[in-house]
Engineer: 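Got a structure here, written out as structure tokens. Questions coming.
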There are 2 protein chains.
Amino acid sequence: MTLAEKAYEALRHDIIRGELAPGRPLRLADLGERYGMGFSPLREALNRLQAERLVTAESLRGFRVAPLSLDELHDAVSLRIVIEVEALKASISQGDDAWASGIVSALYALNVQAARTGAEADIWTLEKRHHAFHRALLAACNSPWTLEFFERLYAATERYRIPVLLASALPVGRDVQAEHGALAQATLDRDAEKASALLSQHYLRTVEDLAGAIRSKQAKLRASG
Amino acid sequence: MTLAEKAYEALRHDIIRGELAPGRPLRLADLGERYGMGFSPLREALNRLQAERLVTAESLRGFRVAPLSLDELHDAVSLRIVIEVEALKASISQGDDAWASGIVSALYALNVQAARTGAEADIWTLEKRHHAFHRALLAACNSPWTLEFFERLYAATERYRIPVLLASALPVGRDVQAEHGALAQATLDRDAEKASALLSQHYLRTVEDLAGAIRSKQAKLRASG
DNA sequence: GCAACAGAAATCTTCGAAAATAAATGAAAT
DNA sequence: ATTTCATTTATTTTCGAAGATTTCTGTTGC
């Protein structure tokens, strides 16, 4: 793997997890220090991330971590529903046994991790398995463009979820595990209408919870600052 | 504008228009010669284009113009329908007078150009105005993500249209101008269902024409080669 | 004839320095 | 005190060369 590829993965990772805060300037000297490489591979990685909207760039004024906003969260989630509902229907109509067992296996792994407590309960494994479960649902849609846009939007929305997860700021009156289970069941039953409705609801509830948690956090910041 | 930005625009332009043929290796020495610059800005541009799927890259083996395939054309058009139908509905429900007059103006400019013959009838102006018309329809959807994906998919499908347009290989039994007119009318009438249906039909007809033209061209190539 | 290999050539990747531009500092004038 | 301007500093952008890897070519051995 080339240094530019390593830089791309490291930067993407750190931006999505919020280790590089939204809006923060990405100075080449700092990044060179942080990742142990020269400017060339870093600039290549930053250009890729700019095209993916995880980074913003201004001519002769360098790069920044792309900012977050509630408007963008709503936009991204709305579009995810449109695209993923269609992809889920396509998967349901075309998926084979391998696709179906992929869903079962991804759901099982996700539930195992969600049930863990204490030292074993780390958010990053949970997040990876959550991503894998939602990807498994769409895996048989047979549309590379759809899958690319799914990944783009998943990364965009993950940036909003992670700070909330880290703060354990999600409302408790919701059984996400049950939602995943029902969604998987409807999908495996090849009930496209029901699965689509469950998927949409799942995302709409999530965006409401996230927006609520973010708004209350912002309110606190305003009160204390 | 920096050299990297110039390189990005020039490469994107040349790839979409087919001046750099699909699959062709993009050697840095050649590109440096062609565009009059060193490796650094070229590599930055190529990394952006890789993220946009106009260029493919393999570790330590350089870049190529992304290949074309009928499968990808179908994939891209299918997804355009899903995304643009939704965006058109949103525009229809939210669009103001400026949006509506943007459509009227874009359609007029497109029709004027389509009617031109001889020296004034150049394909590039026509193509630009076609793009502008379709963008104008969606302009009021208020979704930056949707508009980005529209641009990505438009560029992807434009690569299939241009060689066919250049070969004047489109079937004549079709009044595209009338299709655009009816689509604009239904949109301005705020008839979301009718406009969506017309948009879908428009794209499905186009993809069929394109696929037909490409297949017959490939058949000829097989016969002569 | 053909596979395996060594060496040469071509190409991609990365670095370090130079050039170009933007941002910060401080002095002079009003 | 505030603005203006020149100077310095910080930062981005680009080049040219060096390093690393792949690809080509010709040779050897079977």
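What's counted below: heavy atoms across the whole structure, side chains too, no hydrogens, waters or symmetry copies.
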Engineer: Let me know the distance between CE of M1(B) and P of dT12(D), rounded to the nearest Å.
Structural biologist: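 Going from M1(B) (CE) to dT12(D) (P), I get 20 Å.
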
Engineer: Output a table of donor-acceptor pairs, distance under 3.5 Å, between side-chain atoms of residues 30-40 of chain B and any protein atom two or more places apart or on a different chain; print 'none' if there are none.
Structural biologist:
residue: R34(B); atom: NH2; partner: D14(B); partner atom: OD2; Å: 3.2
residue: Y35(B); atom: OH; partner: D14(B); partner atom: OD2; Å: 2.6

Engineer: Find the distance L3(A):CG to dG19(D):P and express it as a whole number of Å.
Structural biologist: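 It works out to 16 Å between those atoms.
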
Engineer: Rounding to an integer number of Å, can you tell me how far E44(A) CD sits from dT12(D) P?
Structural biologist: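 Roughly 16 Å, once rounded to whole Å.
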
Engineer: Decide side chain to side chain donor-acceptor pair (under 3.5 Å) for E5(A) and S59(B); before the verdict, give the C-alpha distance in whole Å, the side-chain angles of both, and the deciding distance to 0.1 Å.
Structural biologist: CA-CA 9 Å; E5(A) 288 166 337; S59(B) 252; 2.7 Å; yes

Engineer: Okay, side chain of Q113(B), backbone of L110(B): is any donor-acceptor separation there less than 3.5 Å?
Structural biologist: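 No, because the side chain of Q113(B) does not come within donor-acceptor range (under 3.5 Å) of the backbone of L110(B).
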
Engineer: Closer to the 5' end of DNA chain C via nearest nucleotide, is it T2(A) or S59(A)?
Structural biologist: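 That would be T2(A).
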
Engineer: Kindly check if the number of other-residue, nucleotide or ligand heavy atoms within 6.0 Å of CG (D97(B)) is above 12?
Structural biologist: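 No - once you tally the heavy atoms of other residues, nucleotides and ligands closer than 6.0 Å, there are 12 at most.
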
Engineer: Distance check, rounded to the nearest 0.5 Å: I15(A) atom CD1 versus R64(A) atom CZ?
Structural biologist: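 Going from the CD1 atom of I15(A) to the CZ atom of R64(A) covers 13.0 Å.
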
Engineer: Between C1' on dC15(D) and CZ on F39(A), what's the gap in Å once rounded to a whole number?
Structural biologist: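 These atoms are roughly 14 Å apart.
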
Engineer: Below 4.0 angstrom, which residues in residues 60-67 of chain B have at least one non-hydrogen atom near DNA chain D?
Structural biologist: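 When residues 60-67 of chain B is checked for heavy atoms under 4.0 Å from DNA chain D, the hits, listed by number, are L60(B), R61(B).
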
Engineer: Whole angstrom is fine here: how far is it from CG in L28(A) over to P in dA18(C)?
Structural biologist: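 Whole-Å distance recorded here is 18 Å.
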
Engineer: Rounding to a whole Å, what distance do you find between M37(A):CE and dG16(C):P?
Structural biologist: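 So the two atoms are 13 Å apart, to the nearest Å.
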
Engineer: Distance-only, no hydrogens or angles: does the D75(B) side chain make a donor-acceptor pair with backbone N or O of W145(A) under 3.5 Å?
Structural biologist: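 A pair under 3.5 Å: yes.
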
Engineer: In whole Å, what is the span from the CD atom of E58(A) to the C1' atom of dT11(D)?
Structural biologist: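 In whole Å, dT11(D) C1' and E58(A) CD are 14 Å from each other.
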
Engineer: Looking at R43(B), does any N or O in its side chain come under 4.0 Å of the phosphate oxygens OP1/OP2 on dT13(C)?
Structural biologist: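 The answer is yes; a side-chain N or O of R43(B) sits under 4.0 Å from OP1 or OP2.
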
Engineer: List, one per line, each side-chain donor-acceptor pair under 3.5 Å for residues 134-142 of chain A, sequence neighbours excluded.
Structural biologist:
residue: H134(A); atom: ND1; partner: Y203(A); partner atom: OH; Å: 3.1
residue: H134(A); atom: NE2; partner: H130(A); partner atom: NE2; Å: 3.3
residue: H134(A); atom: NE2; partner: H202(A); partner atom: NE2; Å: 3.4
residue: R135(A); atom: NH1; partner: H131(A); partner atom: NE2; Å: 3.4
residue: R135(A); atom: NH1; partner: E151(A); partner atom: OE2; Å: 2.8

Engineer: If I take atom CG in residue N47(B) and atom P in nucleotide dT13(D), what distance separates them, rounded to the nearest angstrom?
Structural biologist: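 To the nearest whole Å, that distance equals 15 Å.
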
Engineer: Have a look at L26(B) and say if it touches a base, only the backbone sugar-phosphate, or nothing, with a 4.0 Å heavy-atom cut-off.
Structural biologist: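 Contact class for L26(B): sugar-phosphate only.
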
Engineer: Between dT14(D), dC15(C), dC12(C), which one does the side chain of A4(B) approach most closely?
Structural biologist: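 So the side chain of A4(B) is nearest to dT14(D).
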
